[in-house]
2 protein chains.
Amino acid sequence: MTQTFYGQINPPARLLMGPGPVNAHPRVLRAMAADMLGQFDPEMTGYMNQTMDLYRQVFMTANRWTFLVDGTARAGIEAALVSLVEPGMKLLVVRAGRFGLLLSEIAARIGAEIVTLDIPWGEVATPEQIEDAIITHRPHVLACIHGDTSTTMAQPLDGVGALCRKYDVLSYVDATATLGGMAVATDRWGVDVVSGGLQKCMGGPPGSAPITVSDRAAAHIFSRRHVEAGIRGSDTTDGARARIPSNYLDLAMIMDYWSEKRLNHHTEATSMLYAAREAARIMVEEGLENRFARHASASRAMCAGLRAMGLELFGSDAHRMTNVTGVYIPASVDGERVRGRMREDFEIEIGTAFGPLQGKVWRIGAMGYNAEKSKVLLTLGALEAVLRQEGHAFTAGAGVDAALAAYSA
Amino acid sequence: MTQTFYGQINPPARLLMGPGPVNAHPRVLRAMAADMLGQFDPEMTGYMNQTMDLYRQVFMTANRWTFLVDGTARAGIEAALVSLVEPGMKLLVVRAGRFGLLLSEIAARIGAEIVTLDIPWGEVATPEQIEDAIITHRPHVLACIHGDTSTTMAQPLDGVGALCRKYDVLSYVDATATLGGMAVATDRWGVDVVSGGLQKCMGGPPGSAPITVSDRAAAHIFSRRHVEAGIRGSDTTDGARARIPSNYLDLAMIMDYWSEKRLNHHTEATSMLYAAREAARIMVEEGLENRFARHASASRAMCAGLRAMGLELFGSDAHRMTNVTGVYIPASVDGERVRGRMREDFEIEIGTAFGPLQGKVWRIGAMGYNAEKSKVLLTLGALEAVLRQEGHAFTAGAGVDAALAAYSA
């Protein structure tokens with residue numbers, strides 16, 4: 001083998017104002033510099049228990065089973081679906097964007113019978129549509145996305161848990177893009193399983209998926225428990241239902257690992273646990289309502305600024321996520337050239353789009369550590385300069401002034 | 001919800017001389033303090049490509065497909081098995097310890113037809129036994145463990161790839177516990193897929209699973225490719241064979257993400273990528289042969305020191321892993337009390353054991369950043385003191401002296 005040497009990690013200091021990942025909070029980065037512990041050392045299991053408690057606060061829940069899946073947000077989604085949905089069970093997926101499609105993509109591999117409630121991109125499902133779909137299909141499980149960054153719309157979820165319980169349906173919500181930025185009100189919604197990620201409004205790196213599981217969902221999942229050969233304790237029995245077809249993403253085994261039993265499963269990803277714990281600690285210190293208000297202010301200012309530059313926003317204001325904004329690319333400019341200039345001249349990243357919106361909208365985020373006045377203003381100022389260079393006509397300074405006014409209002 | 005506050009991460013400075021996780025190299029911890037990048041930023045994809053090249057060197061291979069699975073080592077094992085083994089395919093598992101059992105546990109959930117070559121704990125399989133098992137069972141895939149920390153034995157693998165190719169068998173090796181400490185000679189072995197972790201001899205944190213895939217295994221895996229709805233490019237077609245039943249651990253999609261196509265899959269775990277890259281960079285700078293020699297020296301000294309304290313080692317010297325040593329707990333002492341005193345009085349962790357060896361042996365590691373003279377000597381000195389306190393009779397100082405002599409030899 002030829003030896004090849006590379007220099008040390010030295011990324012450009014870039015302001016990430018896309019749909020995520022975004023810049024991590026410096027405290028989270030510093031927490032990851034702490035050294036390892038043995039996985040069953042009392043200090044390590046203590047940190048695991050504190051992390052469970054902190055994420056109960058983040059997920060606004062009293063659920064005992066609130067912990068981390070060791071993978072990116074997608075691992076949390078698959079762990080939820082593979083643990084809840086048995087092959088042949090009927091799953092109702094609410095799809096209003098790319099991440100709704102992802103839910104059915106993952107579930108199809110599990111062998112679920114999938115039925116869908118398809119909503120045009122840019123809209124959300126009404127409670128009536130959801131109830132009608134439940135009555136029509138009588139699913140075992142309902143799955144939906146809280147904030148689908150592909151459309152920048154947030155699905156209202158108040159009452160959805162009660163609907164699901166009325167018809168004896170288990171419910172799953174992916175809150176990857178909203179956790180830490182908008183209220184992810186697990187207990188108020190009454191939903192059973194909610195999962196998220198760190199790399200958006202939590203202000204951490206991608207690679208850990210916080211998840212919370214209601215007691216009734218945990219009972220269902222434990223009824224599928226099949227403990228690994230060689231680590232079974234006398235206090236752990238197998239369930240009667242079909243074994244979960246993944247070992248790594250088996251929530252029954254992961255819950256046994258996070259429980260007092262501490263049944264060995266994977267080796268907890270220590271540095272990512274430190275990151276997740278610190279991200280939640282920052283959120284709890286800030287106060288959830290303050291944090292949601294900070295995101296909402298940034299969103300109002302961003303929307304006002306973009307509109308003052310003569311740009312049209314995508315989707316309805318009523319259901320807009322408060323941490324990422326979709327905006328139509330003006331017909332007169334090349335969207336990718338604008339993104340390139342933003343990155344090259346200003347070291348600011350804004351996002352492109354997926355599927356039917358590709359080439360039509362940009363997605364501009366203000367998430368977590370970046371949901372902050374100066375960063376919103378700097379982004380708008382840079383975008384103004386680039387759009388002027390690219391020939392889009394509007395009153396110079398209007399965007400930044402409108403955002404400042406929104407912050408003063 | 002009640003707000004609960006916790007202090008910042010502040011783990012005790014503990015020397016981790018168990019079977020892993022072990023202390024991370026400080027450079028790896030520092031690399032993780034670097035901030036995020038957009039996942040398709042040119043600097044980010046550049047780091048991904050460099051990481052592929054660095055792990056080719058670590059895995060001693062020219063395999064194009066050498067990359068990271070975003071999860072702990074177990075995620076790498078499951079990704080390999082779920083991507084290689086179709087439901088109903090026959091898998092031959094060589095089992096000589098707990099991690100051999102894990103391979104069949106994971107494969108059973110995939111719906112593989114599992115046949116086994118079972119070897120007593122503390123021994124390894126001979127080439128003749130492996131060939132006989134292949135001839136008897138005619139499997140599609142063979143899976144085995146390189147170094148099974150549960151027994152501290154390393155399975156010799158020279159010639160195994162050739163045997164598998166002779167009988168048209170795909171081969172998988174789990175090298176989690178040896179990667180970075182012993183030669184993981186992918187191309188010389190001629191095996192198809194090898195996966196590892198960072199938290200043992202690579203001197204990094206748990207949470208990323210490096211993996212390498214031969215061209216013939218990649219062709220098989222791509223024949224199972226089913227691209228996700230909404231991200232399909234015109235240059236990517238679905239394969240003819242059964243779809244891989246996991247989305248998150250689908251190596252066909254993960255390879256498309258790491259390829260020039262950059263098809264969106266998960267969001268790469270940025271900080272863990274930085275850690276994996278730095279761990280490999282340290283290894284390449286040190287030189288692989290120097291690094292293996294460093295582990296071998298530490299092992300010789302540890303073995304000499306333990307024997308000089310009147311302790312008996314577990315398993316045969318001929319097949320001993322050079323990074324973790326099994327040693328019988330003397331009948332006169334309580335093994336868990338000794339481990340407790342090591343941790344409480346000396347801040348040194350040594351390992352307990354699994355299954356049939358639980359309560360009978362300790363496992364003492366010297367891995368990665370800890371495979372180093374001073375740490376071996378400090379561990380032996382501390383163990384001497386604790387064993388004296390616990391009434392085990394031997395000549396005081398004999399262990400440390402013997403280890404020093406082994407280093408001087």
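Since this is a predicted model, take the numbers as computed values, not measurements.
If you measure heavy-atom distances from Arg343(A) to chain B, the contacts under 4.5 Å come from the side chain alone. Contact annotation for Ala275(A): neither backbone nor side-chain heavy atoms come within less than 4.5 Å of a heavy atom of chain B. Heavy atoms of Gln199(A) lying under 4.5 Å from chain B belong exclusively to its side chain. With a threshold of 4.5 angstrom between heavy atoms, Leu273(B) does not approach chain A through any atom at all. For chain A, no part of Val82(B) is nearby; none of its heavy atoms comes within less than 4.5 Å. Only the side chain of Asp250(B) comes within contact range of chain A, with heavy atoms under 4.5 Å apart. Only the side chain of Glu349(B) comes within contact range of chain A, with heavy atoms under 4.5 Å apart. For a residue to count as touching a neighbouring chain, one of its non-hydrogen atoms must lie under 4.5 Å from one of that chain's; by this rule Pro12(A) touches chain B with backbone and side chain alike. Looking at Pro26(B), neither its backbone nor its side chain comes within 4.5 Å of chain A, counting heavy atoms on both sides. Heavy-atom distances place no part of Pro87(B) under 4.5 Å from chain A, backbone and side chain included. Proximity to chain B is absent for every atom of Pro19(A), based on heavy atoms less than 4.5 angstrom apart. For Glu285(A), the parts lying under 4.5 angstrom from a heavy atom of chain B are both the backbone and the side chain.
In terms of the salt bridge (Lys or Arg N to Asp or Glu O under 4.0 Å) criterion, residue partners of Glu336(B) (sequence neighbours excluded) are, by chain and number, Arg339(B). By the ring pair (Phe, Tyr, Trp, His ring centres under 6.0 Å) test, Tyr6(B) is found to be paired with no residue, residues two or more places apart in sequence or in another chain being considered.
Top candidate by heavy-atom pairs under 4.5 Å with chain A, chosen from Pro42(B), Gly20(B), Ala13(B), Gly204(B), is Pro42(B). For chain A, the option among Leu249(B), Leu288(B), Asn10(B) with the highest count of heavy-atom pairs below 4.5 Å is Asn10(B). Chain A forms more heavy-atom pairs under 4.5 Å with one residue of Arg27(B), Glu268(B), Glu43(B), Gln358(B) than with any other, namely Glu43(B). Note: His266(A) leads Met272(A), Glu278(A), His266(A) in heavy-atom pairs under 4.5 Å with chain B. Contact tally against chain B (heavy-atom pairs below 4.5 Å) for Ser150(A), Gly18(A), Gly7(A), Gly46(A): the top residue is Gly7(A).
Taking every heavy atom of both residues into account, Tyr274(A) and Ile9(B) meet most closely at CD2-CD1, 3.4 Å. When all heavy atoms of Gly207(B) and Ala269(A) are compared, the closest pair comes out as CA-CB, 3.8 Å. Taking every heavy atom of both residues into account, Val284(B) and Phe5(A) meet most closely at O-CE2, 3.7 Å. Shown here for Arg277(A) and Gln8(B), the closest heavy-atom pair between the two residues is NH1-C, 3.9 Å. The two residues Gln57(B) and Thr4(A) have their closest heavy-atom pair at OE1-N, 3.0 Å. Taking all atoms of both residues into account, the shortest heavy-atom contact from Arg243(B) to Glu105(A) is NH1-OE1, 4.0 Å.
Within the model, atoms OG of Ser208(B) and CG of Asp70(A) stand 11.5 Å from one another, a figure rounded to the nearest 0.5 Å. Once rounded to the nearest 0.5 Å, the distance linking CG of Asp41(B) with CZ of Arg14(A) reads 4.5 Å. Rounded to the nearest 0.5 Å, atoms CG (Asn247(A)) and CG (Leu81(B)) are 10.0 Å apart. Expressed to the nearest 0.5 Å, how far CG of Leu102(A) lies from NE2 of His265(B) amounts to 8.5 Å. Atom OG1 of Thr352(A) and atom CZ of Phe40(B) lie 10.5 Å apart (nearest 0.5 Å). If you take OG on Ser246(A) and CD1 on Ile110(B), they are separated by 8.5 Å, rounding to the nearest 0.5 Å.
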Kindly list each side-chain donor-acceptor pair under 3.5 angstrom involving residues 28-39 of chain A, sequence neighbours excluded, with atom names and distances?
from, atom 1, to, atom 2, distance (Å)
Asp35(A), OD1, Ala24(B), N, 3.0
Asp35(A), OD2, Asn23(B), ND2, 2.9
Gln39(A), OE1, Tyr257(A), OH, 2.7

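Residues of residues 71-79 of chain A lying under 4.5 angstrom from chain B, judged on non-hydrogen atoms, are Gly71(A), Thr72(A), Arg74(A), Ala75(A), Glu78(A) in numerical order.
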